[in-house]
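Below: the structure, in structure tokens.
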Amino acid sequence: KFTLTGTNTTLATDNMKMPYTIKLVVTKNEFSTGAIKYTLVGTKTGGNAETGELAQVATWVDVKTGAAVIGNGYFLPGSDTVHSYDLNIYFPDNHINQDTDKNKVFGAKVEIGTAEITK
């Protein structure tokens with residue numbers, strides 16, 4: 001779980017977006033290729049009814065090695081707008097012997113960055 005709070009001070013009449021990227025940086029992955037999957041589910045609160053756009057990944061996606069952008073979102077003009085996220089990591093049963101992945105180690109962190117500003 002993580003939360004982003006945005007204060008976009010551009011004029012509401014300009015409809016200027018304050019974009020961001022969400023990266024998953026895998027620091028250690030001893031699991032077999034394709035064994036670990038993720039989803040990213042976001043919710044908006046605070047500010048006005050239209051607070052911007054969330055990054056959403058509803059279906060399972062393979063975790064990649066290294067750093068990868070897993071989503072992009074943006075805040076519209078306003079104060080204390082909150083985008084909350086649940087990053088869910090799965091080791092799904094693929095209905096074959098997965099003993100080779102027993103006692104494996106997985107480590108990662110989430111990084112938030114800026115993105116290009118577009119109207």
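Heavy atoms only: backbone and side chains are in, while hydrogens, waters and symmetry mates are out.
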* **Between CD1 on residue Ile36 and CD on residue Glu30, distance to nearest 0.5 Å** => 11.0 Å

* Asked: What about the rings of Trp60 and Tyr38, do their centers lie closer together than 6.0 Å?
  -> no

* To do: Indicate the atoms forming the closest heavy-atom contact of Pro92 with Ala35, along with that distance.
  => CD-O, 3.4 Å

* Asked: Going by heavy atoms in the side chains, are Thr7 and Asp80 under 4.5 Å from each other?
  -> yes

* To do: Establish, from distance only, whether the side-chain atoms of Thr21 and Asn72 form a donor-acceptor pair under 3.5 Å.
  => no

* **Point-to-point distance, once rounded to the nearest 0.5 Å, from CE of Met18 to OG1 of Thr9** => 8.0 Å

* Asked: Do His83 and Phe75 come close enough that some side-chain heavy atom pair is under 4.5 Å?
  -> yes

* **Hphob cluster co-occupancy, Val41 + Phe2, side-chain heavy atoms under 4.5 angstrom** => no

* Asked: Which is it for Val26 and Thr65 under the side chain to side chain contact (heavy atoms under 4.5 Å, CB included) test, yes or no, and what are the steps along the way?
  -> CA-CA 6 Å; Val26 177; Thr65 302; 5.6 Å; no

* Asked: Are Phe106 and Phe91 near enough that their ring centres are under 6.0 Å apart?
  -> no

* Structure fact -> For Thr3 and Ser84, the nearest pair of non-hydrogen atoms, with its separation, is OG1-OG, 3.4 Å

* Asked: Nearest heavy-atom pair of Leu4 and Ile112: which atoms, and what distance?
  -> CD2-CG1, 3.6 Å

* **Beyond-backbone contact of Lys17 with Leu76, side-chain heavy atoms, under 4.5 angstrom** => yes

* To do: If the plane angle is over 60° it's perpendicular, under 30° parallel, otherwise tilted; pick one for Tyr85 and Tyr20.
  => perpendicular

* Does Asn8 use its side chain to pair, donor to acceptor, with the backbone of Met16 at less than 3.5 Å? -> yes

* To do: Measure from NZ or CZ of Lys37 to the centre of the six-membered ring of Tyr90, then state whether that distance is under 6.0 Å and the direction lies within 45° of the axis.
  => no

* To do: Starting at NZ of Lys44, measure out to CG of Leu54 and round the result to the nearest 0.5 Å.
  => 5.5 Å

* Can you tell me how far NZ of Lys104 sits from CD of Gln98, rounded to the nearest 0.5 angstrom? -> 12.5 Å

* Asked: Is the closest basic N to carboxylate O distance between Lys102 and Asp99 below 4.0 Å?
  -> yes

* Leu24 vs Val63 side-chain heavy atoms within contact, under 4.5 Å -> yes

* Find out whether Tyr74 and Glu53 are in side-chain contact, i.e. whether some heavy atom of one side chain is under 4.5 Å from a heavy atom of the other. => yes

* With rounding to the nearest 0.5 Å, note down the distance linking CG in Leu87 to NZ in Lys109. => 14.5 Å

* Closest heavy-atom contact between Thr27 and Ala108? -> OG1-N, 3.7 Å

* Is the backbone N or O of Phe31 less than 3.5 Å from a side-chain atom of Asp101, with the two atoms forming a donor-acceptor pair by type? -> no

* Nearest heavy-atom pair of Ser32 and Thr100: which atoms, and what distance? -> OG-OG1, 3.9 Å

* Asked: Is there a path from Ile89 to Val25 through hydrophobic residues (I, L, V, M, F, W, Y) whose side chains come within less than 4.5 Å of each other?
  -> no

* Are Val110 and Leu40 connected in a single hydrophobic cluster, I mean Ile/Leu/Val/Met/Phe/Trp/Tyr linked by side-chain heavy atoms less than 4.5 Å apart? -> yes

